[in-house]
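To start, the structure itself, in structure tokens.
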2 protein chains.
Amino acid sequence: MDHPTAVLLFDVLASGVRLDAFRLLVKKEPEGMVAGDIAAVLDVPPTNLSFHLKALTQARLLTVEQEGRFQRYRANIPLMLDLIAYLTEECCSGRPEQCANRGLTPNLK
Amino acid sequence: MDHPTAVLLFDVLASGVRLDAFRLLVKKEPEGMVAGDIAAVLDVPPTNLSFHLKALTQARLLTVEQEGRFQRYRANIPLMLDLIAYLTEECCSGRPEQCANRGLTPNLK
DNA sequence: TTGATTATACAACAACTATTGAAATAACGG
DNA sequence: CCGTTATTTCAATAGTTGTTGTATAATCAA
């Protein structure tokens with residue numbers, strides 16, 4: 001992952017609505033959810049949610065697929081893993097011992 | 001880490017100058033750097049850098065310590081590790097198998 | 001104390017972002 | 001074909017963020 005991409009992803013995640021939408025869709029993997037259901041669960045107007053879903057999709061954090069009149073959104077988990085790897089590398093940059101043995105056991109709990 | 005904190009951290013990292021400053025200071029751990037040197041390396045006006053360092057410091061991603069006339073900044077690596085753990089947990093939420101065995105070996109380069 | 005240096009605070013402005021309702025687009029069911 | 005439903009686009013507005021120069025505060029060296 002390059003730095004402009006990381007900045008873009010942080011920018012997109014730096015919104016309560018967008019972070020909530022992404023987290024919701026992670027929970028709903030792999031079925032995903034259609035836009036109206038996301039709006040209902042998060043209790044935001046559809047027009048506003050559409051704005052945020054578009055931002056997430058343009059940043060590739062979500063994928064979207066048409067299903068008749070519905071738009072089904074899904075979380076792009078591999079991209080999030082790339083972002084985590086980027087952060088981890090930045091954080092340890094030149095000093096791997098900084099990150100070692102600090103309870104970074106992401107796959108448990 | 002709670003969600004408002006995560007949103008705040010993403011917001012602060014969603015800037016090229018701030019992300020560069022943080023990465024630079026991670027590399028310079030544990031000595032840190034004084035504000036003027038950071039401005040020189042990143043080639044941004046001191047007044048602008050001060051604005052961004054303040055944002056990073058208020059979000060606790062940096063610590064600052066006075067040294068005579070100088071302000072010495074250091075990266076708060078434990079907080080970044082908390083953020084990484086939060087992201088990892090969100091990303092795996094309810095579906096740990098999503099994150100397992102995907103090359104997430106953060107401590108090796 | 002004086003003069004130079006380091007850094008932050010302030011003020012002004014430009015640019016960007018979020019939110020909303022109304023309108024448009026597209027697809028379904030009858 | 002027509003009304004209904006799902007979603008997005010558009011336009012207007014309010015609020016936020018980034019950048020810069022100038023001014024201020026604090027420290028040091030002589």
Side-chain angles (χ1 to χ4, degrees), chain A residues 3-25 28 31-76, chain B residues 3-25 28 31-76:
Chain A
H3 301 202
T5 302
V7 170
L8 172 65
L9 292 179
F10 290 138
D11 202 31
V12 167
L13 292 171
S15 146
V17 173
R18 290 195 293 264
L19 188 55
D20 285 348
F22 183 79
R23 293 195 306 123
L24 177 60
L25 286 166
K28 296 294 186 175
E31 308 85 30
M33 285 177 80
V34 300
D37 289 347
I38 302 172
V41 170
L42 298 184
D43 193 27
V44 294
T47 181
N48 187 17
L49 184 72
S50 182
F51 170 83
H52 291 296
L53 291 179
K54 183 180 174 186
L56 284 159
T57 305
Q58 284 179 339
R60 299 192 304 125
L61 278 167
L62 299 184
T63 62
V64 62
E65 190 184 359
Q66 186 153 10
E67 271 184 14
R69 319 176 243 196
F70 301 87
Q71 300 286 317
R72 180 166 297 271
Y73 287 89
R74 291 191 179 85
N76 181 357
Chain B
H3 302 196
T5 302
V7 170
L8 172 64
L9 292 180
F10 291 137
D11 202 29
V12 167
L13 291 171
S15 146
V17 174
R18 291 196 290 265
L19 188 56
D20 286 347
F22 183 79
R23 294 194 306 122
L24 177 60
L25 286 165
K28 295 294 185 175
E31 310 83 31
M33 285 177 81
V34 300
D37 289 348
I38 301 171
V41 170
L42 298 183
D43 194 28
V44 294
T47 181
N48 186 16
L49 183 71
S50 182
F51 170 83
H52 291 296
L53 291 179
K54 183 180 173 186
L56 284 159
T57 305
Q58 284 179 341
R60 298 192 307 127
L61 278 167
L62 300 184
T63 62
V64 60
E65 189 184 358
Q66 186 153 9
E67 272 184 14
R69 309 177 252 195
F70 302 88
Q71 300 284 316
R72 181 166 296 271
Y73 288 89
R74 292 191 178 84
N76 181 358

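Only this structure's heavy atoms are used, side chains among them; waters, hydrogens and symmetry mates stay out. Here is the naming used below: chain letters follow the sequence lines, and residue numbers restart at 1 for every chain.
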Problem - OP1 or OP2 of C:dA7 under 4.0 Å from side-chain N/O of B:Tyr73 - result: no

Practice task
Establish, with yes or no, whether the OP1 or OP2 oxygen of C:dA18 is under 4.0 angstrom from a side-chain nitrogen or oxygen of A:Arg18.
Solution key: yes

Practice task
May I ask you to test the A:Val44-A:Asp20 pair for a side-chain heavy-atom distance under 4.5 Å?
Solution key: no

Completion exercise
Whole-Å distance, B:Leu8 CG to D:dT17 C1', equals 14 Å

Practice task
Can you measure from CG (B:Leu13) to CG (A:Leu13) and round to the nearest 0.5 angstrom?
Solution key: 10.5 Å

Problem - Side-chain donor/acceptor contact of B:Thr47 with base of C:dA9 under 3.5 Å - result: yes

Fill in the blank from the handout: In whole angstroms, the gap separating C1' of C:dT25 from CD of A:Gln71 amounts to 11 Å

Handout entry: Under 4.0 angstrom between B:Gln66 side-chain N/O and D:dT27 OP1 or OP2
Key = yes

Handout entry: Short side-chain N/O contact to D:dT19 OP1/OP2 from B:Asn48, under 4.0 Å
Key = yes

Exercise for the section: For A:Glu65 and C:dA27, give me the distance from atom CD to atom P, rounded to whole Å. Expected result: 15 Å

Exercise for the section: Would you kindly give the CZ-to-P distance between A:Phe70 and C:dA27, to the nearest whole Å? Expected result: 13 Å

Problem - Euclidean distance, B:Leu42 CG relative to B:His52 NE2, rounded to 0.5 Å - result: 10.0 Å

Practice task
Could you tell me whether B:Val34 contacts a base, only the sugar-phosphate backbone, or nothing, with contacts defined as non-hydrogen atoms closer than 4.0 Å?
Solution key: sugar-phosphate

Problem - N or O in side chain of A:His52 less than 4.0 angstrom from C:dT19 OP1/OP2 - result: yes

Problem - Whole angstrom value for the distance that separates C1' of C:dT6 from CD of B:Glu67 - result: 13 Å

Problem - Under 3.5 Å donor-acceptor, B:Arg72 side chain and B:Glu31 backbone - result: yes

Exercise for the section: Mind checking B:Arg72 for me? I need base, sugar-phosphate or nothing, with any heavy atom below 4.0 Å counting as a touch. Expected result: nothing

Problem - Nearest-angstrom distance from the residue atom CD of A:Gln58 to P of C:dA18 - result: 12 Å

Practice task
Decide yes or no for A:Gln71 and A:Glu65: does some side-chain heavy atom of the first lie under 4.5 Å from some side-chain heavy atom of the second?
Solution key: no

Completion exercise
A:Leu49 atom CG is separated from D:dA6 atom P, nearest whole Å, by 14 Å

Exercise for the section: Quickly work out the B:Asp37 CG to C:dT6 P distance and round it to whole Å. Expected result: 9 Å

Exercise for the section: Name the nucleic acid region contacted by A:Pro45, choosing base, sugar-phosphate or nothing; use a 4.0 angstrom heavy-atom cut-off, strictly under. Expected result: sugar-phosphate

Problem - Closest-nucleotide ordering on DNA chain D, the 5'-leading residue of A:Arg69 and A:Val64 - result: A:Arg69

Fill in the blank from the handout: Result for 5'-nearest mapping on DNA chain C, choosing between A:Ala14 and B:Leu53, is B:Leu53

